[in-house]
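Take a look at the structure set out below.
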Amino acid sequence: MNAKQLAKLGFTKGEAMDLARQACVAGAGTGLKKSALRRILRELRGDPSRFKNDPIFGALAIYMAANEAPAGRFIPRTEAAKYHRWGDNLDSGSVEQMERACLLPVAAAGALLPDAHMGYGLPIGGVLAVSDAVIPYAVGVDIACRMKLTVLDMPVAALADRREALIRALENETSFGVGAVFKNRRRHDVLDSDWSVSPVTRDLKDKAWSQLGTSGSGNHFVEYGQLEIQSDALSIAPGNYLALLSHSGSRGTGARVCEYYSKLAMRLRPDLPKELRHLAWLDLKSPEGREYWLAMQLMGRYAAANHELIHSRIARALGVEVIMDIENHHNFAWKETHGSKEVIVHRKGATPAHKGVLGVIPGSMATPGYVVSGLGNELSINSASHGAGRLMSRKKAKQQFNWSDALPLLKKKQVELLSAGLDEVPMAYKDIGEVMAAQQDLVEILASFHPRIVKMAPAGEPPED
């Protein structure tokens, strides 16, 4: 069997794959057919102890038992891990997904936030703490997707007085769409990181470099707006400011990391029932788990680099300084201590809201976003919503609305839309005011951001979120 076939059976590159290949050669020499070899390797992967004394497969079984996480028979918890929820009228699909996640044997606690809607495995707006494991799909496809807000040293009047310069800087200094790249590539120190931590990041480093500083598709955006600071808790005084807000993540490379390790986790957990397959986990002590963890961390740094370049280059193009910078991310897993126990906290479409931690929670292209300070509520595992949350699917939004429905609202809200898909119209999102009201015990509002000039991927682009 070749490396690709062995990888599909759950054997990682290195000693595990080498021993598996040697066993296959020896087995073939005794007359075993490929179908029999596949069956034996699949059974060995699930329970190595059965094969420890086998003359052909014993060495592989001993190694796997000592170093790999076998896929045992799935046994759900007799009592689901506890979770708390915020917001009224949450859709039944997201609630069901959260309840299923809390049945995982590795689950420790959960939270469902007021922006919740259905995702893959874990709902968007779902938080899940687990023990000694990481769940690629509970992190999400767009690893380390984040919000970044910078306040520019320009008067709010520049939104009208320097409109053309603002638009030119935005359109020149980032690019939207699934395949968006820069011919003149951007440079950042993240490229000096170790990209060999996983086969995906190693093979896609060049692609990641070509997309460095781009913004992707779906609900990703870059926009100028008016920031109204109501609190003296920020680094600049209360008042009105011109600000730049962006939302995007780790682009195509992050999506491939998710795809690769999610499929690997599913192969290693073939015993999971169909409804839990997207919650297949990797043991953090296993080579696969450690490898994914390092790849996820790298994608976090890469996503941050994308935003840093977008903001710094737009500011430079405008010839202005940045006087305040706030950033937070979601679609990630963190090692944290809760209840005196270290757990891995997955926030899929959820914002960290530890006591005093700053973050940005956006609305839609026609509704305010908010700068917030976390209140450190342990019931939510120190988390808050990452936005307003979708009210309906993209497909339904396209069926139900036309631009003639959205453009009058945008005009009323003084929003100039440069480009976007119909599935991102404001009516496709929940009421951000209701979402914020539902989580007053999770975050304190310090400032509000009102979009004025908005750019997203053009219509027809498939979503990356």
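Just so you know, residue 1 is the first one in the sequence shown, and it goes up from there.
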Can a donor-acceptor pair be found, under 3.5 Å and without considering hydrogens, that links the side chain of D431 to the backbone of E434? yes
Heavy-atom pair of closest approach, residues A305 and V190: CB-CG1, 3.7 Å
Looking at CH2 of W209 and CG of L204, how far apart are the two atoms once the value is rounded to the nearest 0.5 Å? 15.0 Å
Could you grab the distance from atom CG of L446 to atom CD1 of I229, nearest 0.5 Å is fine? 9.0 Å
Has R290 got more than 12 heavy atoms of other residues, nucleotides or ligands less than 6.0 Å from its CZ? yes
D192 vs R187, side chain to side chain contact (heavy atoms under 4.5 Å, CB included): CA-CA, chis, key distance, verdict: CA-CA 10 Å; D192 299 324; R187 280 291 313 176; 3.6 Å; yes
Short side-chain donor-acceptor distance under 3.5 Å, H220 and S215: no
Is there side-chain contact between V257 and M296, with at least one heavy-atom pair below 4.5 Å? no
Is H247 reaching over with its side chain to a backbone N or O of N219, donor-acceptor style, under 3.5 angstrom? yes
First locate atom CD1 of I314, then atom CG of L309, and finally report the distance between them rounded to the nearest 0.5 Å. 11.0 Å
Min side-chain heavy-atom separation K341-T337 under 4.5 Å: no
N89 CG: over 12 foreign heavy atoms closer than 6.0 Å: no
Ignoring hydrogens and geometry, is there a side-chain-to-backbone donor-acceptor pair from E96 to G93 under 3.5 Å? no
What do the steps show when you test R347 against E336 for salt bridge (charged side-chain N to carboxylate O under 4.0 Å, His left out), and what is the final call? CA-CA 12 Å; R347 295 186 176 94; E336 296 178 4; 2.9 Å; yes
Indicate yes or no for a side-chain donor-acceptor contact from R267 to the backbone of A7 under 3.5 Å, with no hydrogens or angles considered. yes
Whether over 12 other heavy atoms sit under 6.0 Å from K205 NZ: yes
Tell me the closest heavy-atom pair linking H346 and A333, and the distance in Å. CD2-CB, 4.0 Å
Going by heavy atoms in the side chains, are K455 and I453 under 4.5 Å from each other? no
Minimal non-hydrogen separation, S380 against L442, with atom names: OG-CD2, 3.4 Å
Could you tell me if the side chain of R301 sits less than 4.5 Å from the side chain of L298, heavy atoms only? yes
Polar contact flag, side-chain donor to acceptor under 3.5 angstrom, E308-H188: yes
So, Q97 versus Y120: side-chain donor-acceptor pair below 3.5 Å or not? no
Answer yes or no: is there a donor N or O on one side and an acceptor on the other, between the side chain of S404 and the main chain of N402, under 3.5 Å? no
Steps toward side chain to side chain contact (heavy atoms under 4.5 Å, CB included) verdict (E223, L170): CA-CA 8 Å; E223 57 192 30; L170 193 164; 5.9 Å; no
Look at the side chain of R146 and the backbone N and O of G300, then say whether any donor-acceptor pair between them is shorter than 3.5 Å. yes
Any chance you could measure L90, atom CG, to D88, atom CG, to the nearest 0.5 Å? 7.5 Å
For F221 versus M456, what's the shortest heavy-atom pair and its separation? CB-CG, 3.7 Å
W293 and K335: which non-hydrogen atoms are nearest, and at how many Å? CZ2-CG, 3.7 Å
Looking at I143 and S250, what are the two nearest heavy atoms and their distance? O-OG, 2.7 Å
For the residue pair H278 and Y137, does the interplanar ring angle fall in the parallel (under 30°), tilted (30 to 60°) or perpendicular (over 60°) class? perpendicular
Tell me whether R186 at atom CZ has more than 12 heavy atoms from other residues, nucleotides or ligands lying less than 6.0 Å away. yes
CZ on R269 to CG on L264, rounded to 0.5 Å: 10.5 Å
Looking at R202, is its backbone amide N or carbonyl O close enough to the side chain of S196 to form a donor-acceptor pair, meaning the two atoms are under 3.5 Å apart? no
Examine the side chains of H311 and D325 and answer whether a donor and an acceptor come within less than 3.5 Å of each other. no
So I310 and K148, do their side chains get closer than 4.5 Å, heavy atoms only? no
Would you call E173 and V222 a side-chain contact if the rule is heavy atoms closer than 4.5 Å? no
Just by modelled atom types, is the E321 backbone N or O under 3.5 Å from a matching donor or acceptor in the D153 side chain? no
Audit row: L128, M98, side chain to side chain contact (heavy atoms under 4.5 Å, CB included) steps and yes/no: CA-CA 8 Å; L128 185 67; M98 194 71 234; 4.1 Å; yes
Using the salt bridge (charged side-chain N to carboxylate O under 4.0 Å, His left out) rule, take R390 and D91 through it: C-alpha gap first, then chi angles, then the decisive distance, then the call. CA-CA 11 Å; R390 293 195 71 90; D91 71 273; over 6 Å; no
Hey, does the side chain of K413 reach the backbone of P368 with a donor-acceptor pair shorter than 3.5 angstrom? no
Could you walk me through whether W334 and H354 pass the side chain to side chain contact (heavy atoms under 4.5 Å, CB included) check? CA-CA 12 Å; W334 289 260; H354 301 271; over 6 Å; no
If you count heavy atoms of other groups shown closer than 6.0 angstrom to CD of Q230, is the number above 12? yes
With heavy-atom distances below 4.5 Å as the criterion, would you say the side chains of S448 and E228 are in contact? yes
If you measure from CD on Q399 to CZ on R394, what distance do you get to the nearest 0.5 Å? 14.0 Å
Check whether any side-chain heavy atom of N306 sits under 4.5 Å from a side-chain heavy atom of L212, and report yes or no. yes
Describe, in one word, how the ring planes of H84 and W86 are oriented to each other, choosing from parallel (under 30°), tilted (30 to 60°) and perpendicular (over 60°). tilted
Between H117 (side chain only) and D115 (backbone N and O only), is there a donor and an acceptor less than 3.5 Å apart? yes
